[in-house]
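Following: one structure in structure tokens, then a few remarks.
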Amino acid sequence: MNQEISYYLGFDCSTQSMKYTLIDHQLNIIAHHQIKYDTLPFNTQNGIMISTLDPNDITTPVLVFIASLDYLLSHLKQHYGDLCPWIKGISCSGQQHGSVYFKNGSRSILNHLNVEFSLLDQLSDIFTVSQTPIWMNSSTTKQCRDFEYQFGGAELLCKSTGSRAHERFTIHHILKLIQTCPDVYHNTERITLISNFLSTLLVGDYTPIDISDGSGMNFMNIETGKWDPIGIDIINQYGKLFSFSLVIDSSHSIVDKLGVELVPCHTIVGTLSSYYIKRYNFNSDCKIISSSGDNPCTLVGFKIKQDTELCISLGTSTTILGIMKTLPSTLLLNTHVLKSPLNEFEYMVMLCFKNGGLSRDLMNQEYFQGDWTLFCKCLEQSSVGNDGYIGFWYHYPELLPYTQQSILKKFDGDDQVIERFPDIKYECRGIIESQCFGIRKYSRQLGMKPKSILVTGGGSKNQSILEILCNVMDCKVYVWSIVFDARN
Ligand code: XUL
């Protein structure tokens, strides 16, 4: 134990697992450990549950998150208990958009946690909604259309909140609750995102929503960083319409349920509850820093600091994150603008392409039985520009550009639609060039001209993809690699 060193703890509550990472004041990773939700007795598969009534209704039992936190804290105490008193601050990253609903009277239970019992023992009964709607939940198309219509249209909603209505954005799940289970909504004293749900557990009291994570709700005004007045009116009107009581007091306002203020990411939202100090031997002065969404946290983690840098995650889907000093003059429908986690007066852009790795993998399976070496060898036989052959490989309905169905279309050098290319090599280069053109088109339209790109995710291991990205984007491309150095 080195008393000169301060430590900092982070929790990451993602779709399939929860993880802690312990770092020292020089950002060295000291320890990390994760628990997969499927190992807990809650019947999740890949961390989620899909409703038998509606396959778009995807949730995770809220108690999964609590049991995971219990487990990780016990693990930390058992393996790194000597470091707990030297942990100066804790923060969390939560999968963006998901929401947690606390019953009337829960605050006092959070305030009086009993050190003898686990969180799960004490908090099992404090939620009005036992299944947390998460980002994969797209059961809210009706609510999106209702909200967009009441707001004055998709363009105005996008201009005001940074995004048009998207099924996974939080306010539509809240509206669904109001419309389908009004009594449950009215019995809810507080609604948190997954990020400030975790900080709430740690402080033992409600903590505010972070403005960067709050930008993923379709409810925060992107310029002011406060709840949007038009949005508040719409939700409160629905709240009244779907109420069985004639008297609606102010505590039924959505603003009270979400908390009046949103806070910047660097805000200290409280000190650690005495429960953890006694039970896990933490320091009584350990600070809890505002928790944020996984996307803002990724931007910070990749150390993107300037608007000339972009981070591209080439995973199952392709996600692009970047910073903008000012709001773009034209906001594009289907792109997302959030408040920057680094500076609440700046912005973060998020572009999500659904058919990234998904489509590349399908093509690789079709022609090379999943062997990437063969795919790349074949691709290398083609040349830059693919002799004019180009196409769209949207195996699933795409977000950017928005399509309602899958589209697979090929064109020759004269822009004529063709059934198939004369050689497979054109397929291989075609799909990668087409995906990179998409990245260039939308980032340029938002005024982003990166000088360097940091690439992560499965696709970043593929040299051919990196070369094409580098050529199309006309800038340096770096691959992010992180080496964990920890006791286990
Ligand atoms: C972004 C999105 C996902 C989630 C879960 O809008 O829905 O990236 O944040 O990772």
Side-chain angles (χ1 to χ4, degrees), residues 10-19 34 36-37 44 46-48 56-60 64-65 92-100 132-141 144 157-158 161-173 192-198 209-220 222 265 291-302 304 311-322 331-341 347-358 396-400 402 442 446 456-459:
F11 289 97
D12 174 19
C13 179
S14 66
T15 313
Q16 298 183 16
S17 62
M18 194 186 283
K19 177 180 191 176
Q34 74 165 3
K36 289 208 181 293
Y37 303 146
T44 56
N46 297 321
I48 60 171
N56 293 323
D57 193 356
I58 298 184
T59 56
T60 298
V64 162
F65 303 137
C92 312
S93 162
Q95 40 172 311
Q96 212 164 356
H97 315 299
S99 44
V100 177
T132 300
I134 61 161
W135 65 280
M136 294 171 82
N137 191 314
S138 56
S139 65
T140 53
T141 305
C144 285
L157 183 62
C158 181
T161 69
S163 299
R164 68 170 302 173
H166 288 275
E167 276 79 357
R168 65 191 189 287
F169 278 44
T170 323
I171 202 63
H172 312 300
H173 293 276
T192 65
L193 297 179
I194 293 179
S195 56
N196 70 313
F197 163 61
L198 292 176
I209 290 179
D210 168 277
I211 57 169
S212 202
D213 201 15
S215 320
M217 298 173 72
N218 266 154
F219 199 60
M220 187 199 82
I222 194 67
C265 294
S291 297
S292 193
D294 57 339
N295 297 298
C297 288
T298 301
L299 185 101
V300 178
F302 282 108
I304 302 283
C311 166
I312 303 187
S313 164
L314 296 171
T316 314
S317 55
T318 299
T319 304
I320 301 185
L321 304 176
L331 284 173
L332 297 177
L333 280 183
N334 299 318
T335 62
H336 306 296
V337 177
L338 291 78
K339 283 279 191 196
S340 164
Y347 301 90
M348 166 179 157
V349 186
M350 182 164 74
L351 311 182
C352 302
F353 300 85
K354 205 174 197 175
N355 292 280
L358 268 177
Y396 297 89
E398 182 49 72
L399 293 168
L400 267 181
Y402 181 75
Y442 289 103
L446 284 171
T456 165

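Quick caveat, the model's predicted, so the values are computed rather than measured. Indexing begins at 1, ligand by ligand and atom by atom, following the structure's order.
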- Sequence neighbours excluded, the answer for salt bridge (charged side-chain N to carboxylate O under 4.0 Å, His left out) partners of D57 is K176
- Item | Test side chain to side chain contact (heavy atoms under 4.5 Å, CB included) applied to S138 - qualifying residues, sequence neighbours left out | N56, E167
- Checking Q95 side chain against S14 main chain: does a donor-acceptor pair fall under 3.5 Å? yes
- Query: Would you say D210's side chain and S292's backbone share a donor-acceptor pair under 3.5 angstrom?
  - Reply: no
- Stepwise, does the ring-ring contact (aromatic ring centres under 6.0 Å, His included) test hold for F169 with H166? CA-CA 5 Å; F169 278 44; H166 288 275; 5.3 Å; yes
- Item | side chain to side chain donor-acceptor pair (under 3.5 Å) involving T161 - partner list, sequence neighbours excluded | N218
Ligand-protein N/O pairs under 3.5 Å (ligand 1):
{"unit_1": "ligand 1", "atom_1": "6 (O)", "unit_2": "H97", "atom_2": "NE2", "d": "2.7"}
{"unit_1": "ligand 1", "atom_1": "6 (O)", "unit_2": "R168", "atom_2": "NE", "d": "3.1"}
{"unit_1": "ligand 1", "atom_1": "6 (O)", "unit_2": "R168", "atom_2": "NH2", "d": "2.9"}
{"unit_1": "ligand 1", "atom_1": "7 (O)", "unit_2": "H97", "atom_2": "NE2", "d": "3.3"}
{"unit_1": "ligand 1", "atom_1": "7 (O)", "unit_2": "R168", "atom_2": "NE", "d": "2.8"}
{"unit_1": "ligand 1", "atom_1": "8 (O)", "unit_2": "N295", "atom_2": "ND2", "d": "3.4"}
{"unit_1": "ligand 1", "atom_1": "9 (O)", "unit_2": "Q96", "atom_2": "N", "d": "3.4"}
{"unit_1": "ligand 1", "atom_1": "9 (O)", "unit_2": "D294", "atom_2": "OD1", "d": "2.8"}
{"unit_1": "ligand 1", "atom_1": "9 (O)", "unit_2": "D294", "atom_2": "OD2", "d": "3.2"}
{"unit_1": "ligand 1", "atom_1": "9 (O)", "unit_2": "N295", "atom_2": "ND2", "d": "2.9"}
{"unit_1": "ligand 1", "atom_1": "10 (O)", "unit_2": "D294", "atom_2": "OD2", "d": "2.4"}

